[in-house]
Novice: 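Here you go, one structure.
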Number of protein chains: 2
Amino acid sequence: MRDQRTETHRDNELSPPDHDAGLIPADHESRCNTWMTVNTLHRPTHRDALVHLESAFERGDMVTVFGRCTVDYDGRATSELGPGDRLVVLKPDGSILVHTDEKRTPVNWQPPGCTHSAGVRDGRLRVRSTRSSPDERLDVFFERVEQCSAYAVNDRSDLELVGSEEDLRQHILSDPSILEAGFEPLETERQSDAGALDIFGEDAEGVPVVVELKRRRVGPSAASQLRRYVDAVRREFGDNEPVRGVLVAPSVTDRATDLLDREGLEFVALDPETGEPPVEDEERGNEQETKGERADDE
Amino acid sequence: MRDQRTETHRDNELSPPDHDAGLIPADHESRCNTWMTVNTLHRPTHRDALVHLESAFERGDMVTVFGRCTVDYDGRATSELGPGDRLVVLKPDGSILVHTDEKRTPVNWQPPGCTHSAGVRDGRLRVRSTRSSPDERLDVFFERVEQCSAYAVNDRSDLELVGSEEDLRQHILSDPSILEAGFEPLETERQSDAGALDIFGEDAEGVPVVVELKRRRVGPSAASQLRRYVDAVRREFGDNEPVRGVLVAPSVTDRATDLLDREGLEFVALDPETGEPPVEDEERGNEQETKGERADDE
DNA sequence: CACTGTATATCGTAT
DNA sequence: ATACGATGTACAGTG
């Protein structure tokens, strides 16, 4: 992902804070290892934190700031957050996260592409992140900084993930019969007036089939999406030509089943990881005949 | 291996402040300065980090761990992440985030409700977060810990946010004419076979109107959603009764406009923050006559 | 629990 | 840049 650094001298921003509570002997720390990967100030003055932040931005470090703060956001929406202790994470790609002690989702944030800056205003440390298009601004005002760390990140690895919709597609393409005997895929991402079709193919009778894939249990919106695609293909092919629509997912809700039935669309249960029919919980209310023929109530 | 500096700044932790897991009374706020709110180890041994983590979990602290690690996830999907430097955040509500130096979204995570644990396995520090239903496990293996911090978080403030779909609804309910002259809201969240309708009302002629609200520019899926609702109400009212469907959003894409037209549905442009027609970029390809009557090409 | 829909969604890809 | 759909979406509200 990123390159590692080669510079270790950072003594300028390691000026010790004024209070002595929780002091880190910075110079000692920097000598501990040749590659300085973390640089931390405990209870710094706003001024020291400011210098620390700015040099971290300069270096392209990832930064965390913990302390008592308020947050102000104005952009796609507008929000205010009163005083509290939060962990703020600033990334060199321009993203910023404000985390409380709850939830996976930050209470405030900004996606990559923003510009970070810091300053002292009215006796508070202001950490600001802005961007244009859309015009947005996120301000964090610290009345007190408990800790401020800069991290030199070295990360080349990419995440490998199994069980996506793409995996489900590969399962079907490598063995089309798991969808239905005689199914023949003709095209993936085939364009239509309504957008790209996941899989377009023909059944054993040569009837066109639109296949929409979902990696997890589907509701009404997936049924509607399939309908839009089938409608588009029908407009393309004319009213005389039959076109089938098949929704493929591990399971389906009752309301979606009703919708599919009304629209004359079909459902096939497949697990995205295995490419096989998922194990049925007989208790659950969604029994579908996985081995029976498809209902031809059209 | 490298066990330099095993005891780092733990002095305050050894005299427990007994601050019952971050729930600090407001009237003791002044004393908060003397309490230890952050507890940090630099380059700890795995064993020291382990002890630090476990007592932080015990206290209900928020925790960050930075170092070189690999990540293993198995649950709704499966993923692997090779070695790299990451910032791991563990929250007392059971959520965990693994952040690289890029993206707003963590590279791996677990939502609230998980159980955190830590241990040393094969010379690596293992931080594990698990839950059942769904059965999921996230393992972070640190080959080296650069820094490990525990934060006592005190946060009572709630986020106040303006510009949501709910705000748009309030705008329309307090002045229904911004939707259309003579519009009368009758019910919000009215139930139908297809789900709850944002606003259900009547126009000046007494014709039923289904209103679907969106806080931002809408595409085909919003049009389909409105169609599902209108269909349900039409089934309810019978074929003789006319039912109108109106999509309200700041703007709409071309494909969604086509879809709405084909379905005989309507669009009204309103900004969720102001409740007024948004300022038009004449350059943009989505000109709609904001002051003209609605197109009655049905 | 499951179901449904919103989100400052974020993110990737194609146009 | 916008459009469109996937996401291990997360999250809230309801039944």
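The structure displayed is predicted, hence computed values, not measured ones. Each chain gets a letter, A, B and so on, in the order its sequence line appears, and its residues count up from 1.
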Novice: Heavy atoms from C-beta onward define the side chain here; which of C:dT8, D:dG8, C:dG5 lies closest to that of A:P220?
Specialist: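 Nearest to the side-chain atoms of A:P220, counting from C-beta on, is C:dG5.
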Novice: Which residues satisfy the side-chain hydrogen bond (donor to acceptor under 3.5 Å, both in side chains) test with A:D198, sequence neighbours excluded?
Specialist: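 For A:D198 there are no side-chain hydrogen bond (donor to acceptor under 3.5 Å, both in side chains) partners, ignoring immediate neighbours.
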Novice: Not counting sequence neighbours, which residues clear side-chain hydrogen bond (donor to acceptor under 3.5 Å, both in side chains) with A:D167? List them please.
Specialist: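 Scan of A:D167 (side-chain hydrogen bond (donor to acceptor under 3.5 Å, both in side chains), adjacent residues dropped) gives A:S164.
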Novice: In residues 161-169 of chain B, what residues come within less than 4.0 Å of DNA chain D, judged by heavy atoms?
Specialist: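 Of all residues in residues 161-169 of chain B, none places a heavy atom under 4.0 Å from DNA chain D.
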Novice: Using the side chain to side chain contact (heavy atoms under 4.5 Å, CB included) criterion, which residues pair with B:R131? Sequence neighbours excluded.
Specialist: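 B:R131 satisfies side chain to side chain contact (heavy atoms under 4.5 Å, CB included) with B:R76, B:Q110, B:P111, B:C114, B:P134, B:E136 once adjacent residues are dropped.
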Novice: Phosphate oxygens OP1/OP2 of D:dG8: is one of them under 4.0 Å from a side-chain N or O of B:W109?
Specialist: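 It does not, given that no N or O in the side chain of B:W109 lies less than 4.0 Å from OP1 or OP2 of D:dG8.
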Novice: On DNA chain C, does the nearest nucleotide to A:N108 precede the nearest nucleotide to B:Y229 from the 5' side, or the other way round? Give the residue.
Specialist: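 Here B:Y229 is the residue nearer the 5' end.
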Novice: Tell me every residue that passes side chain to side chain contact (heavy atoms under 4.5 Å, CB included) with A:T78, counting only those two or more places apart in sequence or in another chain.
Specialist: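 With neighbours one apart ignored, the set is A:D74, B:V162, B:E273.
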Novice: Please name all residues satisfying side-chain hydrogen bond (donor to acceptor under 3.5 Å, both in side chains) with B:H171, sequence neighbours left out, ordered by chain then number.
Specialist: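 side-chain hydrogen bond (donor to acceptor under 3.5 Å, both in side chains) list for B:H171, sorted by chain: empty.
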Novice: Who pairs with B:R262 by side-chain hydrogen bond (donor to acceptor under 3.5 Å, both in side chains), at least two apart in sequence or on another chain?
Specialist: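 None.
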Novice: Which of the following nucleotides, D:dG8, C:dA9, D:dG5, is nearest to the side chain of A:R228?
Specialist: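 For the A:R228 side chain, the nearest candidate turns out to be D:dG5.
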Novice: Listing time: all N or O pairs from protein to nucleotides 12-14 of chain C that are below 3.5 Å?
Specialist:
unit_1 : atom_1 : unit_2 : atom_2 : d
C:dG12 : OP1    : B:K103 : NZ     : 3.1

Novice: Going by ring-ring contact (aromatic ring centres under 6.0 Å, His included), name the residues that satisfy it together with A:F141, two or more places apart in sequence or in a different chain.
Specialist: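 A:F141: no ring-ring contact (aromatic ring centres under 6.0 Å, His included) contacts found.
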Novice: Counting a pair only when it is Watson-Crick or G-U and both distances are under 3.5 Å, which runs of at least 3 such pairs involve DNA chain C?
Specialist: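 Listed by first number, the stems are C:1-7 with D:9-15, C:9-15 with D:1-7.
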Novice: With sequence neighbours excluded, tell me which residues meet side chain to side chain contact (heavy atoms under 4.5 Å, CB included) with A:V107.
Specialist: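 If we apply the side chain to side chain contact (heavy atoms under 4.5 Å, CB included) test to A:V107, skipping adjacent residues, the hits are A:L81, A:V98, A:T100, B:L159.
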Novice: Using ring-ring contact (aromatic ring centres under 6.0 Å, His included) as the criterion, list what pairs up with B:Y151, not counting sequence neighbours.
Specialist: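 B:Y151: ring-ring contact (aromatic ring centres under 6.0 Å, His included) contacts with A:F66.
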Novice: From the list C:dG5, C:dC11, D:dA10, which nucleotide is the closest neighbour of the side chain of A:P111?
Specialist: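 Of the candidates, C:dC11 comes closest.
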